[in-house]
K.L.:
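This is the structure I want to talk about, given as structure tokens.
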Amino acid sequence: MKHFLFIAFILTSVFSNGQIVYKKKLAMLGSPFEITVVAKDSIQGNQFAEMAVNEVKRIENLISDWIPTTQISQVNQNAGIKPIKVDDEVYELVERAIKVSKLTNGAFDISYASMDKIWKFDGSMKVMPTEEAIKKSVAKVGYQNIVLDENEKTIFLKNEGMKLGLGGIGQGYIADKIKALLQSKGCTSGIVNVSGDINTWGKQLDGKPWTVGIVNPMNKNKVFATFPLEDSAVETSGSYEKFVIFNNIRYSHIIDPRTGYPAQGIVSVSVFAKQTEIADALATGIFVLGVEVGLDLVNQLKGIECIIVDDKGKIHSSKGINSKKYKS
């Protein structure tokens with residue numbers, strides 16, 4: 001579950017040097033989608049927005065595991081049966097996702113879709129699942145059982161019942177692709193927000209960087225820090241609305257694909273990077289790894305920073321972030 005508050009000051013009616021800021025907001029991929037661009041007029045702004053919307057649809061029809069005709073769905077339907085040839089774009093995305101899976105020791109795993117949905121976070125679950133049921137729920141998960149053939153550009157899932165789910169990286173990928181597309185079409189400045197996966201380029205009309213604010217997980221109506229984003233991305237994952245409590249232990253809706261148990265100890269992770277794709281995948285992985293291991297991982301990665309809020313409300317940040325400087 002991603003929760004992010006975009007707080008850049010935007011006025012679609014303000015003109016500056018013959019330019020306007022044009023914003024379009026709608027629901028896509030079952031989530032909020034927002035595109036904001038600097039354009040010469042509302043006609044051009046709408047053209048850029050339509051390009052963004054069409055790019056979402058194009059990629060969704062390649063990688064969604066909910067649409068039965070996509071290439072990823074074809075891979076899932078043929079798990080344990082045969083390899084499926086896919087477009088280079090799909091192959092390379094899966095290849096990069098497997099690299100992040102390895103980097104996080106499986107805390108992020110694109111075969112998470114193979115999990116049995118035994119945890120309910122809608123208030124209906126009154127008893128904790130048994131240890132046996134939890135173990136069984138992740139029996140088919142394991143990125144190690146994804147076989148890639150670089151020459152043939154095929155993807156094969158070794159075990160019947162395995163499934164790829166690109167939800168933890170796909171939205172970030174879409175944000176990156178929209179940015180690249182609009183830049184190639186002459187859009188010099190904008191911000192794309194795909195359900196909390198945010199990527200920016202250029203500056204606002206007043207010459208200042210786009211600004212984002214991170215919601216305080218303990219009080220979702222309050223922003224605890226604001227950050228300038230200059231040609232960079234951020235993604236925030238949070239569990240402060242979806243969780244269950246058993247024996248005074250708080251279990252988040254983000255499940256550790258290695259164990260089947262929900263992640264504990266963290267309520268919010270924000271990852272800053274040049275690309276939304278890596279921020280998206282790492283945010284999930286860090287959430288599962290926990291504060292100490294997650295920060296240690298980020299501090300070893302060049303160009304990546306993060307802010308973690310634990311379940312006691314304490315803020316932890318990677319070496320390159322001075323959170324006091326950006327506090328609201």
Side-chain angles (χ1 to χ4, degrees), residues 4 6 8 10 12 14-29 31-64 70-72 86-97 99-100 153 166 169-212 228-235 271-281 302-304:
F4 202 89
F6 170 48
I10 291 172
T12 54
V14 171
F15 288 77
S16 175
N17 297 323
Q19 292 182 307
I20 65 162
V21 173
Y22 182 91
K23 179 158 75 170
K24 189 163 190 173
K25 203 171 185 178
L26 60 160
M28 298 195 79
L29 307 167
S31 305
F33 172 82
E34 190 174 300
I35 179 74
T36 304
V37 293
V38 172
K40 64 183 180 183
D41 52 35
S42 59
I43 294 172
Q44 187 186 52
N46 187 59
Q47 287 172 342
F48 286 145
E50 286 303 308
M51 288 178 197
V53 168
N54 289 335
E55 184 70 346
V56 174
K57 291 175 181 175
R58 183 188 72 80
I59 299 172
E60 184 182 21
N61 282 301
L62 283 176
I63 68 171
S64 172
T70 69
Q71 293 182 12
I72 289 297
V86 297
D87 291 356
D88 287 1
E89 182 178 4
V90 175
Y91 182 91
E92 288 162 9
L93 177 60
V94 171
E95 189 176 42
R96 292 194 301 274
K99 286 179 181 175
V100 180
K153 290 293 187 289
L166 295 176
I169 195 171
Q171 289 178 331
Y173 174 68
I174 287 170
D176 291 340
K177 291 293 283 185
I178 288 171
K179 173 180 174 177
L181 173 66
L182 293 188
Q183 284 181 313
S184 75
K185 298 298 183 182
C187 182
T188 58
S189 182
I191 182 164
V192 56
N193 180 350
V194 185
S195 186
D197 291 276
I198 294 176
N199 205 337
T200 68
W201 66 102
K203 295 183 185 295
Q204 298 188 71
L205 288 180
D206 59 7
K208 293 179 181 178
W210 298 105
T211 306
V212 294
L229 281 186
E230 299 193 55
D231 196 30
S232 59
V234 65
E235 198 280 337
V271 177
F272 298 83
K274 276 293 178 187
Q275 292 180 305
T276 329
E277 177 189 309
I278 188 69
D280 193 2
K302 189 177 179 182
I304 308 287

K.L.:
How long is the gap from OG on Ser64 to CD on Gln71, to the nearest 0.5 Å?
P.N.:
12.5 Å

K.L.:
CD of Gln171 to CG of Asn193: how many Å apart, nearest 0.5 Å?
P.N.:
10.0 Å

K.L.:
At what distance, to the nearest 0.5 angstrom, does CD1 of Ile20 lie from NZ of Lys40?
P.N.:
11.5 Å

K.L.:
Taking the side chain from Thr36 and the backbone from Lys23, do they hold a donor-acceptor pair closer than 3.5 Å?
P.N.:
no

K.L.:
Should Gln44 and Val37 count as side-chain neighbours, where that means a heavy-atom distance under 4.5 Å?
P.N.:
no

K.L.:
Side chains of Cys187 and Met51: does their closest heavy-atom pair fall under 4.5 Å?
P.N.:
no

K.L.:
Any chance the side chains of Thr276 and Asp197 put a donor and an acceptor closer than 3.5 Å?
P.N.:
no

K.L.:
What heavy-atom pair brings Pro209 and Leu229 nearest, and what distance separates the two atoms?
P.N.:
CB-O, 4.1 Å

K.L.:
What are the two closest heavy atoms between Trp210 and Trp201, and how far apart are they?
P.N.:
NE1-O, 3.1 Å

K.L.:
Please lay out, stage by stage, how Thr200 and Val212 fare under the test side-chain contact (heavy atoms from CB on, under 4.5 Å).
P.N.:
CA-CA 10 Å; Thr200 68; Val212 294; 5.5 Å; no

K.L.:
Could you check if a side-chain atom of Arg96 sits within less than 4.5 angstrom of a side-chain atom of Val100, using non-hydrogen atoms only?
P.N.:
no

K.L.:
What's the shortest heavy-atom distance between Ser232 and Asn199, and which atoms?
P.N.:
O-OD1, 3.1 Å

K.L.:
Decide yes or no on side-chain contact (heavy atoms from CB on, under 4.5 Å) for Ile174 and Val192, but give the supporting numbers first.
P.N.:
CA-CA 10 Å; Ile174 287 170; Val192 56; over 6 Å; no

K.L.:
Return the CD1 to CD1 distance between Ile178 and Ile59, rounded to the nearest 0.5 Å.
P.N.:
7.0 Å

K.L.:
Should Lys179 and Asp231 count as an ion pair when the cut-off is N to O under 4.0 Å?
P.N.:
yes

K.L.:
Do Val53 and Phe33 have side chains that approach each other closer than 4.5 Å (heavy atoms only, starting at C-beta)?
P.N.:
yes

K.L.:
For the residue pair Gln204 and Val21, establish whether any side-chain heavy-atom pair is separated by less than 4.5 Å.
P.N.:
no

K.L.:
Taking the side chain as C-beta and beyond, is there a heavy-atom pair between Leu166 and Leu93 under 4.5 Å?
P.N.:
yes

K.L.:
Less than 4.0 Å between a side-chain N and a carboxylate O, is that true for Glu60 and Lys57?
P.N.:
no

K.L.:
Could you tell me whether the side chain of Leu182 reaches within less than 4.5 Å of the side chain of Ile35, counting heavy atoms only?
P.N.:
yes

K.L.:
When rounded to the nearest 0.5 angstrom, what distance separates CG in Asp176 from CD in Glu55?
P.N.:
11.0 Å

K.L.:
Identify the two heavy atoms, one from Phe48 and one from Gly186, that lie closest to each other, and give their separation to 0.1 Å.
P.N.:
CZ-C, 4.1 Å

K.L.:
Got a second to check how far Asp41's CG is from Gln19's CD, nearest 0.5 Å?
P.N.:
10.5 Å

K.L.:
Gly170 and Ile63: which non-hydrogen atoms are nearest, and at how many Å?
P.N.:
CA-CD1, 3.9 Å

K.L.:
Are Glu89 and Arg58 packed together at the side-chain level, in the sense that at least one heavy-atom pair is separated by less than 4.5 angstrom?
P.N.:
yes

